[in-house]
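Throughout, protein chains are lettered first and strands after them, A, B, ... in sequence-line order, and every chain is numbered starting at 1.
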2 protein chains.
Amino acid sequence: MQIKVNDNEFQLFVGEKRILEHSKERPMIYVGVGQEDVDMYRGNFKITDYVTERFPLKLTDVIQTADTVRLCFESYIIAKIKCDENLCTIDFEQKDDRINRFWFRVAADKEEKCYGCGEQMSYFNLRGRNFPIWTSEPGVGRDKTTYVTWRSDVENKAGGDYYNTNYPQPTFVSTNKYYLHVDSTAYADFDFRNDSFHELQIWEVPKQIRIECADTYLKLLERITTYFGRQPKLPDWVYNGLIIGVQGGNERSFGLLDKTLDRNIKVAGIWCQDWCGKRVTSFGKRLQWDWKYHKEMYPDLPKKIKEINAKGIKFLGYVNPYLVNDGELYKEGKEKGYFATKADGSDYLVDFGEFYCGVVDLTNPEAFEWFKDIIKEYTLGIGIDGWMADFGEYLPTDDICLYSGKSPMIEHNHWPVLWAKCNYEAVKESGKLGDVVYFMRAGGAGSQKYCTLLWAGDQSVDFTIHDGLASVICGALSAGMMGCGLTHSDIGGYTSLFDNTRTKELFLRWAEMAMFTPFMRTHEGNRPDTNFQYYDDEDTMERLARLVDVYTMLAPYTKTLVEENADSGHPVQRPLFMHYESDAKAYDIQYEYLFGRDMLIAPVYEQDKHEWDVYLPQDEWVHLWTGEEYHGGEITVSAELGYTPAFYRKNSEFADIFEEIREKYGVK
Amino acid sequence: MQIKVNDNEFQLFVGEKRILEHSKERPMIYVGVGQEDVDMYRGNFKITDYVTERFPLKLTDVIQTADTVRLCFESYIIAKIKCDENLCTIDFEQKDDRINRFWFRVAADKEEKCYGCGEQMSYFNLRGRNFPIWTSEPGVGRDKTTYVTWRSDVENKAGGDYYNTNYPQPTFVSTNKYYLHVDSTAYADFDFRNDSFHELQIWEVPKQIRIECADTYLKLLERITTYFGRQPKLPDWVYNGLIIGVQGGNERSFGLLDKTLDRNIKVAGIWCQDWCGKRVTSFGKRLQWDWKYHKEMYPDLPKKIKEINAKGIKFLGYVNPYLVNDGELYKEGKEKGYFATKADGSDYLVDFGEFYCGVVDLTNPEAFEWFKDIIKEYTLGIGIDGWMADFGEYLPTDDICLYSGKSPMIEHNHWPVLWAKCNYEAVKESGKLGDVVYFMRAGGAGSQKYCTLLWAGDQSVDFTIHDGLASVICGALSAGMMGCGLTHSDIGGYTSLFDNTRTKELFLRWAEMAMFTPFMRTHEGNRPDTNFQYYDDEDTMERLARLVDVYTMLAPYTKTLVEENADSGHPVQRPLFMHYESDAKAYDIQYEYLFGRDMLIAPVYEQDKHEWDVYLPQDEWVHLWTGEEYHGGEITVSAELGYTPAFYRKNSEFADIFEEIREKYGVK
């Protein structure tokens, strides 16, 4: 990378490409003053801004030293720039306290594509749209033209839109072969709607903007994860089979485990999210947010865990960083003063939908340690080997006081990372890193290091593009570009509202995709009784046994991908262009993915399909189920239930595994 | 009014109230640069703005002369201020061409209420919301929480919102006893959300801001209408009875007239909107937009008109300023070059929903004259005494070239006034002003003078607050504050979509309100066959005969109100505070109105009601139907169908009329 600077102008180049430019005609920075209005309802935010001032900054002075260039922008901002071959950092110093809005323009060209901004569920390529960076509920429906979205909006302000995500991150990767990260957890909005520039809006002057380049996307991912950290490897036991999501107490849960095993479905673990007890709300079955095992529902759970461990099966639970105000732990935390409060010192309780919780103040080191201890003692301590580390998106912003003294507008996006770190340290300090897996939906810059596994959040139980099966593919690809290369999703989706219910077909299509991800896990959903469950249908169990078996047969290959993610930051699910950089079409595909270097998966994400259109980059591909060979291009293949289009590279060193799968389970 | 000015500060006072203020800390003017994005679909607009710059202006110089003060705001703007006892005008001179956004702050206080911004259908008091000023379709449903709105949005981008209106105007009346008008037809947004100021956004530097004050609201209305002009009186024949909206050709239309007369419903006129022919679209029955009588559907119409005229009944038609591209007049206009074109000179056709029309270029004096001649010849010339002068809101803004050379962004809001003027001159030059009535839904600043009667647009056929019966009360009050004091509405509403259909109850509740307006007219709606029609139901015709008779009995009183509107600009339908200025509650009432000085009407705007809560200011009130006396306050009265709560002042000089009505039609 290279900078050019004179009295009035500044430019940054990546190779021949101008990435940044400032001149009188094309200012790089605008600053201003805004007054935000933030309205939260159960994790759904309505945020508006009244910008009273916005103006471009003039470059008024340039000071060059040996290793830095200092750009002075009037009396408002000093930008200290360091640049070497692959990395440019711009540190900002704010000189005028009044400024609380910052817009930064990045030079763009029309053909350029951009990816990232965290885990994006609707659009992989960000060009043509703007993306608010604010962790929140992802929305139910996420598409204003659907009935479910409209009803969710009207009844719960919860419909959401294309950009809503549990895991936003102020970072993007450009096809000009660089990534750019803004070091700020303030509200931001990355706008990719303009042909000649991207405009990054941040509701503070950020500490730093970091731009790093590389010759290849693989190398870029290595650099991204060198900076943000890398996810650890998954424990070996996850490859033993399915994680079954069941609940309802000892009898029901372990009864369903027995039934599942009886039908020859390999099981790696049983995930009982209601290990802590349950409560019923109008939304559906919810949990008792007091993170100890429920002695009535799961009597002698520690003993029970030992029993199933002996059979090679793990037990997984559920934890989140809130405590319900009628629980024991809340009482303890309140006595210790570990919850965030209102400005007047009184309790701050968050409405989670017919129950109210205290916010454990993770900025208070003592509270943080206390919550780690809760996980260590009540979860890890009784032999639980994994859990859903839910939530993290709900830090309210009105009238809430935190130990750190920082504004909740700054801590809000930071919260998921604090929550990930809390889990990480609890596991690491217990000596269990690598043996335990917790999965999170919330994230932010830094999640990479602290989050053992993402899960894609609470999809609707349908085939909709913006909130169904398809959306988790986009989510995996975009999170992967951020260096979060381990993710998975609830097989069959989660949210069933307004008569939208899960079908057998949806469950099976989702499961047949999940076998080509690092982790296979079912979920009964928010309304188990009215939605399709695999254990109610003998045919489904037979089919599922086959799919899980394929997953376990793939394990030697999948493990190498998970290791590569841990070692180099190359995601397990990759966009096609990551290995086919010269293939222009590859950059627009968001519903196919490479499962590592050697497999291409094109999941069927629509209902009632028997064949499927697939795009293959130029290579020697073998169809997993038929053995038919392809050399690239647009093809149509048979895609009956259970045979989602999957291909492997003919010369793969794992070809024998793929052939073995075909022999056992291929189309005869 | 009084101004105070020194080197750095400027203030304008109305009495003790500071209305304008500029200081370094509280700048009065912000300017900036924006790029709008305007997307029109069948009269529904999606407008967004990308404001790249916005900054406050400093007062840098003050030049005082005998009768003016010139305020220089840096190198951007000079404001030339004239001020006398009741009027302050500020003329702006723009010094920097780059500026295309202008924000003007008006000092406010928390208790202040504001009214106007044209005809507002959802909120009479504007405080707490912003109001874009842009003429458009008003929306179907106008409330994002209703099913009809959602479906309209999804299928036609047509759901609308609280601020959508056919008749916006950049003018408001403050309870600080002044009106403020911005002399600009550019897109504007009046923002009343702040406690201490109103912010008026205009997408150009306006020519002038005009502030005029008065001691009373009546006097203020006189001044408003002295400036904008006043609506002429209605012809006497309108008071003869109902205008029946029927269609379908000679046999059906005149057959229904006979049936109506046969049931003793007094009829003033028959309104056949399809006098020009019809076309059927998926929306419903539409018209043949070629403004001559249809020789197959209405053979010998001129003769037929003479026949009914002889019986004291008028004939009304329909015209709008577009011409369908398969019609005769379009052909003629195109040959003459009277249509707006694309930039490259090719035809510009507007999509009106499965048919396409040319835009008669009303800025071309020859085209304007030609269209006047069309009205004179084909409408007035065959004896038509009234018509719906529909539309005016659809001037597109993309790639359209006008004779005036002005931007369509400037002409768009001007179009309804040009259209009103075209009708006005056609009538006036034909010597028929006072004999003819045309009614319009579109409007703008200046409509007051040129529009003989407003109608409230295309309500949904329901009781919804934002698009049903109630909304036309709010519309009448707000239009009245602008000096458009003659309005009425389609009895029973118009738009029936998505299984929303008119009921008998709705029709009758609407009709019983309409008798207390200056004009009673029915409409079959967009889907006549599936909606309730009065002529299908004997009971309704009996009830309607009574309501129309009351309307005719009220005529001596109503006429004085219409005259007062023509002479002084006092609207026929008035908010309660107009005559009860010291009554604080009166300022918040938007669903009751004074029908002139002596009547108070509280229409039942919900279904299935048998009694109704009414607020009466302190006065001597007599209930029209029972004769019971009230002295003000909150009361509940019986409100059976046909007996909408109506009161008159005991000492009214028209008391004998009201008593006569009670004797004939009151509760026995």
Chain A interface, residue from B:Glu53, B:Arg193, B:Arg54 that has the most non-hydrogen pairs under 4.5 Å = B:Arg54

Which residues in residues 27-35 of chain A have any heavy atom lying under 4.5 Å from a heavy atom of chain B?
-> A:Tyr30

Who are the side chain to side chain donor-acceptor pair (under 3.5 Å) partners of B:Glu137, not counting sequence neighbours?
-> B:Tyr394, B:Arg441

Using a heavy-atom cutoff of under 4.5 Å, enumerate the residues of residues 38-51 of chain B that contact chain A, numbered in order, or state 'none'.
-> B:Tyr50, B:Val51

Taking atom CG of B:Asp344 as the centre, report whether more than 12 heavy atoms of other residues, nucleotides or ligands fall under 6.0 Å from it.
-> yes

Side chain, backbone, both or neither of A:Asn194 within contact of chain B (heavy atoms, under 4.5 Å) | side chain

Close contacts, residues 140-158 of chain B versus chain A, judged by heavy atoms under 4.5 Å = B:Lys144, B:Thr145, B:Thr146, B:Tyr147, B:Trp150, B:Val154

Measuring from A:Glu199:CD to B:Thr52:OG1, what's the distance to the nearest 0.5 Å?
-> 8.5 Å

